[in-house]
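Comments concern the structure below.
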Amino acid sequence: MAVRHFTKAEARAAAKGATPQYTAESAGLILDSASSKTRDSETFDIFLSHSIADAELVLGVKQLLEQQGATVYVDWSYDRQLDRSKVNADTAALLRQRMRQSNSLIYLATDAATTSKWMPWELGFFDGYRSGGVAIMPLLDRETDGFAGQEYLGLYPRVTKDNYQNSTASDVFVEGLGRWATLKSFRAGTPNWQSYSRP
């Protein structure tokens with residue numbers, strides 16, 4: 001069976017389900033309204049690295065990950081004072097702090113991600129800070145589409161969805177590089193890596 005990725009349509013549907021008054025243009029506003037003052041002692045399961053141009057998809061992926069029981073940090077939801085259009089030491093310091101508060105980083109690979117200035121920096125920082133804690137989540141048009149992405153993204157496992165072998169039970173996985181773990185164990189910061197022959 002082919003690897004199954006999450007799709008843009010799934011993310012948009014999840015974003016739409018976030019509020020009955022949803023429109024594509026309101027995705028950023030919904031994330032803003034969900035904002036809370038983040039304490040430096042608060043921890044997150046996932047730091048979601050994304051392009052600001054993907055507000056609708058980011059909202060949907062945040063919803064999809066939260067449906068899996070994850071706490072998800074999205075900078076413009078939790079730290080609304082950040083201006084990611086301006087690169088400065090204060091923004092970088094706060095993002096470093098939030099990454100240190102996170103158990104894992106998921107890099108949301110979209111068309112807009114290829115032009116982001118922050119995403120490669122976040123990925124590199126987090127990989128250096130917590131080796132083995134980075135996964136790539138491609139959002140594709142069809143769940144069975146292949147994903148190549150930028151060359152360096154091939155160094156990391158991918159977030160996928162699949163059924164367990166000889167079972168109808170499905171789950172969300174982080175897999176690649178000859179191994180897999182459930183998203184649940186990955187996001188906790190303690191992935192229970194297994195070989196590809198699933199139970």
Starting from the C-alpha separation in whole Å, work towards a yes-or-no answer on side-chain contact (heavy atoms from CB on, under 4.5 Å) for Leu139 and Glu10. CA-CA 9 Å; Leu139 277 186; Glu10 285 175 290; over 6 Å; no
Please enumerate all residues that pass salt bridge (charged side-chain N to carboxylate O under 4.0 Å, His left out) together with Glu143, with sequence neighbours excluded. Arg4, Lys161
Pairing residues for Trp193 by the ring-ring contact (aromatic ring centres under 6.0 Å, His included) criterion, not counting sequence neighbours: none
I'd like to know if Arg98 and Asp75 make a salt bridge, using a cut-off of under 4.0 Å between side-chain N and carboxylate O. no
Kindly indicate whether the side chain of [X], heavy atoms from C-beta on, has any atom under 4.5 Å from the side chain of [Y].
X	Y	result
Thr160	Val172	no
Asp45	Tyr73	no
Met119	Ser49	yes
Leu183	Ile106	yes
Leu123	Val134	yes
Leu48	Val61	yes
Gln194	Arg179	no
Val72	Phe47	no

Could I get the full list of side-chain contact (heavy atoms from CB on, under 4.5 Å) partners for [X], not counting sequence neighbours?
X	result
Thr182	Tyr164, Asp171, Phe173, Trp180, Lys184, Ser185
Phe147	His5, Ala109, Ile136, Pro138, Leu140, Leu153, Arg158
Asp54	Ser51, Leu57, Val58, Thr110, Ala112
Glu151	none

Nearest-0.5 Å distance that lies between atom [atom1] in [X] and atom [atom2] in [Y]:
X	Y	atom1	atom2	answer
Leu155	Leu177	CG	CG	8.0 Å
Gln101	Met99	CD	CE	11.0 Å
Ser104	Ile46	OG	CD1	4.5 Å

Flag the pair Phe44 / Tyr78 as yes when their ring centroid distance falls below 6.0 Å, and as no otherwise. yes
Would you say the ring centers of His50 and Trp118 fall short of 6.0 Å from each other? no
Among residues at least two apart in sequence or on other chains, which ones pass side-chain hydrogen bond (donor to acceptor under 3.5 Å, both in side chains) with [X]?
X	answer
Thr114	none
Asn103	none
Glu66	Lys62
Arg142	Asp145

Between Leu105 and Phe125, does the side-chain contact (heavy atoms from CB on, under 4.5 Å) criterion hold? Intermediate values first, please. CA-CA 10 Å; Leu105 178 142; Phe125 175 85; over 6 Å; no
Heavy-atom closest pair, residues Tyr107 and Ala113: OH-O, 4.0 Å
Verify, without hydrogens or angle tests, whether Glu56 (side chain) and Arg12 (backbone) share a donor-acceptor contact under 3.5 angstrom. no
For residues 88-97, the salt bridge (Lys or Arg N to Asp or Glu O under 4.0 Å) pairs (sequence neighbours left out) are none
Which pairs count as side-chain hydrogen bond (donor to acceptor under 3.5 Å, both in side chains) when at least one residue sits in residues 128-139, sequence neighbours excluded? none
Between Gln67 and Gln63, do the side chains contain an N or O donor and an N or O acceptor separated by less than 3.5 Å? no
Is it the case that Tyr156 and Asp127 place a side-chain donor and acceptor less than 3.5 Å from each other? yes
